[in-house]
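What follows is a short report on a single structure.
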Amino acid sequence: VYIMKNYYHLLSFDDDLANDAANDLLKEGWDIVHVGTKLVKILDNGQAYYNTEYVLGGTKNQYEKYLEDCQQSELDYF
């Protein structure tokens with residue numbers, strides 16, 4: 001039986017770096033809530049282009065640390 005947790009915040013990643021982002025958060029204790037595919041676009045030839053989507057859930061402390069890390073990354077970038 002699966003019991004749904006109450007998460008403070010959910011994050012979704014589906015770009016080319018999604019796997020790395022998801023793994024980084026898993027190392028910090030976030031939980032995987034969902035893994036699936038996400039339609040990115042329809043190509044000129046009519047073919048659908050999909051990426052893997054990762055949805056992770058975290059606590060308030062984990063989310064606040066994530067925001068701090070994002071702000072620090074932006075500062076380090078410039």
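Owing to the predicted nature of the structure, the values given are computational and were not obtained by experimental measurement.
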*asked:* Would you say L67 ends up clustered with L26 if hydrophobic residues are merged whenever their side chains have heavy atoms under 4.5 Å apart, either directly or through other cluster members?
replied: yes
*To the nearest 0.5 Å, what is the distance between CG (N51) and CG (N19)?*
11.5 Å
*Side-chain heavy atoms under 4.5 angstrom apart, residues restricted to Ile, Leu, Val, Met, Phe, Trp, Tyr: same cluster for L43 and L39?*
no
*Honestly curious: do V40 and Y50 fall in one hydrophobic cluster under the side-chain, below-4.5 Å linking rule?*
no
_Measuring from atom CG of D16 to atom OG1 of T52, what distance do you get when rounded to the nearest 0.5 angstrom?_
10.5 Å
*asked:* If I take atom OG1 from residue T59 and atom CD from residue E28, how far apart are they, to the nearest 0.5 angstrom?
replied: 10.5 Å
_Any Q72 side-chain heavy atom under 4.5 Å of D69 side chain_ = no
*Identify whether Y8 and Y54 are in the same connected component of the hydrophobic contact network (ILVMFWY, side-chain heavy atoms under 4.5 Å).*
yes
*What is the distance from atom CD of Q62 to atom CG of L25, rounded to the nearest 0.5 Å?*
8.5 Å
_Nearest 0.5 angstrom please: Y66 OH to D24 CG, how far?_
10.5 Å
*May I ask you to decide if the ring planes of H9 and Y63 are parallel, tilted or perpendicular, using 30° and 60° as cut-offs?*
parallel
*asked:* Can you give me the closest heavy-atom contact between L56 and V33, atom names plus distance?
replied: C-CG2, 4.1 Å
